[in-house]
Participant: 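Have a look at the structure that comes next, please.
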Amino acid sequence: MLPVYLLPLLPFLGFLVLILFGRRFPGPLAGALASALVGLAFVVALIDFFSVRSVPMHELLWSWLPGIGGKGHNLEIGFYLDRLSSLMTLVVTGVGFLIHVFSIGYMEHDPRFPRFFAFLNFFVALMLILVLADSYPLMFVGWEGVGVASYLLIGFWFEGKINANAARKAFVMNRIGDLGFLLGIFLIFRQYGTTVLPSLAKMPIKTDSALELICLFLLVGAIGKSAQLPLTTWLADAMAGPTPVSALIHAATMVTAGVYLVARSHFFFSQAPVASSWVAWVGGLTALYGALSAMNQYDIKKILAYSTISQLGYMFMAVGVGAYWAGMYHLVTHAFFKALLFLAAGSVIHALQGEQDTRKMGGLAKTMPLTGAVGLIAVLAISGIPPFSGFFSKEAILGASFAYSPWLWAVGTFTALLTAFYMLRWYLLVFSGTYRGQAHPHESGPVMAVPLVALAILAALGGVIGPQLLGSNWLENYLKPVLGLPSLHNPATTELSLIAIAVLLALLGFLWAYLRYRSGRLTDLRGFGPISAKALYLDDLYAGSVASPSKAISGALERTDRVFGGGMSATGEVLTEPGRWTNLWQSGFVRVYALSMLLGTLLLVLYLAVRMLGGSL
Amino acid sequence: MPLPHISVMLLLPFIILLLTTAACTALGFLVHRQAVTWTAMAGLIITAASLIPLWDRHLSSFGGALLGDPFGIALSLVILLGALLALLSSLDSAKRSSLSFPEYDLMLLLGVLGSVLLAMAGNLIVLLIGLEIMSLSAYVLATLQASRSSEEAGMKYFLLGAVGSAVLIYGIALVYGATGHFGLSGIAAALGHAAASNLPVLLLGTLMLLVGFGFKVALVPFHQWTPDVYSGSPTLVTLYMSVVIKTAAFAGLIRVFQMALSGVHGWVIPAEVIIALTLILGNFAALREENFKRMLAYSAVAHSGYLALALVAKSSLAEPALIYYLLTYTLMNAGAFAVVAVLQRDDSGVTISDLRGLYSRRPGLAVALAALLASLSGLPPFAGFFGKFVLFSAALQSGFVGLTVIAAVTSMAALFYYLRPAALMFFSEPAQTPQLPAAPRQYSAVAVWVAVGGTLLIGVLPNLVMQLLQRPLT
């Protein structure tokens, strides 16, 4: 049993060393140091994982603002490691470590190599603070911190204006979500007098409208971070960052923070049926939206980005219908196969010297056999083909959502069909057929191959932690002491037929993609094609409904401003006018200053005289 | 005749400071100036080390004329820290301000001697001696540079300082006349059975003391020297004045009013008015200021307003809050002025538009300055936030609701003038790339990062300091 604070501390030390003395580390040394520290954190997480099975660890580090909320209400900084957060720390440090190692190869020619690893370590540290926080305010610190890390890493190649704009877009959209999260925290404190998670979990929480409101506010926060509808468009643009960043932040860990927030707050959500149904339906619709948008993309990473949005939708469905464990289950398996997909894409992009357009790829399975093989495993996993990991976690979600509402199940199952289609399309465009580009693709060195193989094993076999074919399973039982209530279960026959339907539909999706591939119409979806390519026009909708009017308003204001002879700046002048008076008084002449001092003294003496004459002395 | 009561332990810091000054004077003839500065810094560190064993021992010497209570020791340590930072950043910046001669270090050491004496004074005469040693050395420092603006600043400071000192001495005389005591504890004891006819004299003396100290710490309307002297003096001297002299003057002010005169009631309402004026005027005047150095001078006036909340609050709450804030303030201001000293072309400082796009040219300095400005404006997790928090809550818990509201509202206005330069550094392109001096600056960089690290450390872990201070102080 090791102290919990070591977990965020180790990568944070890496960040400090690399940001301050980055230039002192020649060659791949900076990457090795960063990876080693995250690897050490993984070891700590593993040791603690085995020790918290019996008792959760609650470390109070210090109390920052004693008595801020009245007597006995301290703002304390502490870490809370229970079975839920322990699972998350394993994912963050484990997958994080593999992606760090991969990045050593991927970023080797970058002139800002140490800085990249500094930011990556910073991200892992803040993500661990988010996961381990024992109270909502501290969780918010991590929440904002990973947002900053994401901003820095999306814009890492800041020379391009597109990248800088993508970073800004992610930043602004996340602020909307953060406002919701903050309001939620304020309301929690107002209602329950504390924001400490373990204390809240022990409280009897009654269903009422205030609780529903709290949960809806938290949902707004979760939507922003996890790119759910309607705050979803930033994630596709975030792909401007280096590919390992997309794998770590925008697939495996940060974007799942919203799911974690809902699962962590299960004691609220399980008593808030209205808010929970919002969670479930936001998730379901986003899953569908993401899948539809992914169908006709050409950028190798954009397809994966929309598929991430879609898979996050599944997780929201799960936590919305009360199957918190299933949400966490899919979070874990998704971290494996989606990180693998992104790293495979990274391997391809690296081999093709930065090419990302799938129309200029093809046939890469021959020249890059390893990448092709692991890519296929990941495609099978995400499409829900047994016995790959995604199959089990998706079944758990679909089963629970069927028990909640058959309509929701229908949306999820239809999305599964689309998922199989666009993922096989992705694979066929990249790896199959003949090469359509000009580069000379080749497999990369072992530093990139080893993480791919490790993740491929996890993506293939990771499902063993919780197969829910019949009744209970290991993961659900493991998380039960934290998440409490049993989730919804279907009768065995229903369960089996649901599984059969989903697998059949996935195979149908594969068949659909393969037939189109055979007839050479894989990149041509006719009427629906452009709609999907533009991501259902959501960006254009925002440009039209929010950006254009605000531009128009600001333009009109500017004209009004000019018409009224600079009315706005005049207001500013008036507001800072007292500043000008004091500057007049501040004439620079000693005699004026001395006079002010003496006048001040005189006024004090006069005050004394008046009081004496008034007899109050 | 009995021998005077002397505690050698308590005299040791002063002896070390004096010996250091003497050694530096002699060394000034023999070695390079930098060697003198290193000697001076070593002397300051030894002095600090000699203060630490005195903590909690409540020694006093010369019949209570010199007090080694935690309040005095803590503020002496803050003074020594400020002086160390001033010397450290002078190691490279002094050359460019043509201040690189031993007299700078000597005057500074003498000023520190006076400041420490003031912080530990238990008697109005000792207090006055400390104050005058400190002030006279400050007048000299202000004029030390051979430039018109430096001479003007020193002259103004001296003339107005003479007025301030005159009022202060008059106040001491009146208080002595009313109570028959110079010792702070003696005055407090005499207040209990003072004759009613003495009260007007006592109150007049108290108000005079308020004026005199009001000048030294820059409270409105006795503050007008501050912007002129701060912006006219060489930046390194401004750094020293804004931290060391302010800390020492506040030590004297709070000592006299909390320890000796808290039993007199008539001065609280005038003090409240003065504090409110300081808060409003200091913050609003800074809004219009385009010269960054001068803006920091107004910000120093505004901070005097925050610090002076400790004057009216209950002493058990006020003293820890004051010490914490002065420590924070020393770090923030020393850091900010050290950055100005690095960036400036001459000692008129830098304008706010000079800071445009600083991040692209000097990322390290820009980040450090932004952190210091955020701390000055009172944003968490920097110490400036927690300092304001404890000061404001001390005033609030002592029942000064109106004053606390004014302090909170004006500190919101302050956000604007602190964060505007911070934003300009990051988000705007340099208009026409101003030529920055390319002189070596590694010592200044150390001073700046010590300041940033310190504000961050005691901002995140305020209990490091507060645990030491929560003990009964007097």
Participant: State whether the number of non-hydrogen atoms from other residues, nucleotides or ligands found under 6.0 Å of B:Tyr170 atom OH is greater than 12.
Facilitator: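 It does not: B:Tyr170 OH has 12 such atoms or fewer within range.
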Participant: Ignoring hydrogens, what is the shortest heavy-atom contact between A:Leu604 and B:Pro270? Give both atom names and the distance.
Facilitator: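 Shortest heavy-atom separation between A:Leu604 and B:Pro270 comes out as CD2-CB, 3.5 Å.
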Participant: Under 6.0 Å from the CZ atom of B:Phe158, do we count more than 12 heavy atoms belonging to anything else shown?
Facilitator: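 Atom CZ in B:Phe158 is not crowded, with 12 or fewer foreign heavy atoms closer than 6.0 Å.
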Participant: Is chain B contacted by the side chain of A:Ile77, its backbone, both, or neither, given a heavy-atom distance below 4.5 Å?
Facilitator: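 Neither; nothing under 4.5 Å.
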Participant: Can you find a heavy atom in the side chain of B:Phe222 that is under 4.5 Å from one in the side chain of A:Thr601?
Facilitator: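 Yes. Closest side-chain heavy atoms under 4.5 Å.
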Participant: Identify which part of B:Leu159 has an atom lying under 4.5 Å from any heavy atom of chain A, answering side chain, backbone, both or neither.
Facilitator: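 Side chain only.
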Participant: Taking the side chain as every heavy atom from C-beta outward, state whether A:Val605 and B:Met208 have any atom pair closer than 4.5 Å.
Facilitator: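 Yes; the side chains approach each other to less than 4.5 Å.
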Participant: What are the two closest heavy atoms between A:Met612 and B:Pro200, and how far apart are they?
Facilitator: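 Looking at all heavy atoms of both residues, the shortest contact is SD-CB, 3.6 Å.
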Participant: Quick one: what part of A:Tyr607 sits under 4.5 Å from any heavy atom of chain B, side chain, backbone, both or neither?
Facilitator: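 Just its side chain gets close to chain B.
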Participant: Between B:Gln224 and A:Ser596, which heavy-atom pair has the shortest distance, and what is it?
Facilitator: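 Shortest heavy-atom separation between B:Gln224 and A:Ser596 comes out as OE1-OG, 2.7 Å.
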Participant: So which part of B:Val273 gets closer than 4.5 Å to some heavy atom of chain A, the side chain, the backbone, both or neither?
Facilitator: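 Contact with chain A: none, neither part.
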Participant: For B:Trp225 and A:Tyr593, which heavy atoms make the closest approach, and how far apart are they?
Facilitator: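 Result for this residue pair: N-CD1, 4.2 Å.
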Participant: Provide the closest heavy-atom pair for A:Met597 versus B:Leu160 in the form atom of the first, atom of the second, distance.
Facilitator: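 Distance-wise, the nearest heavy atoms are CE-O, 4.0 Å.
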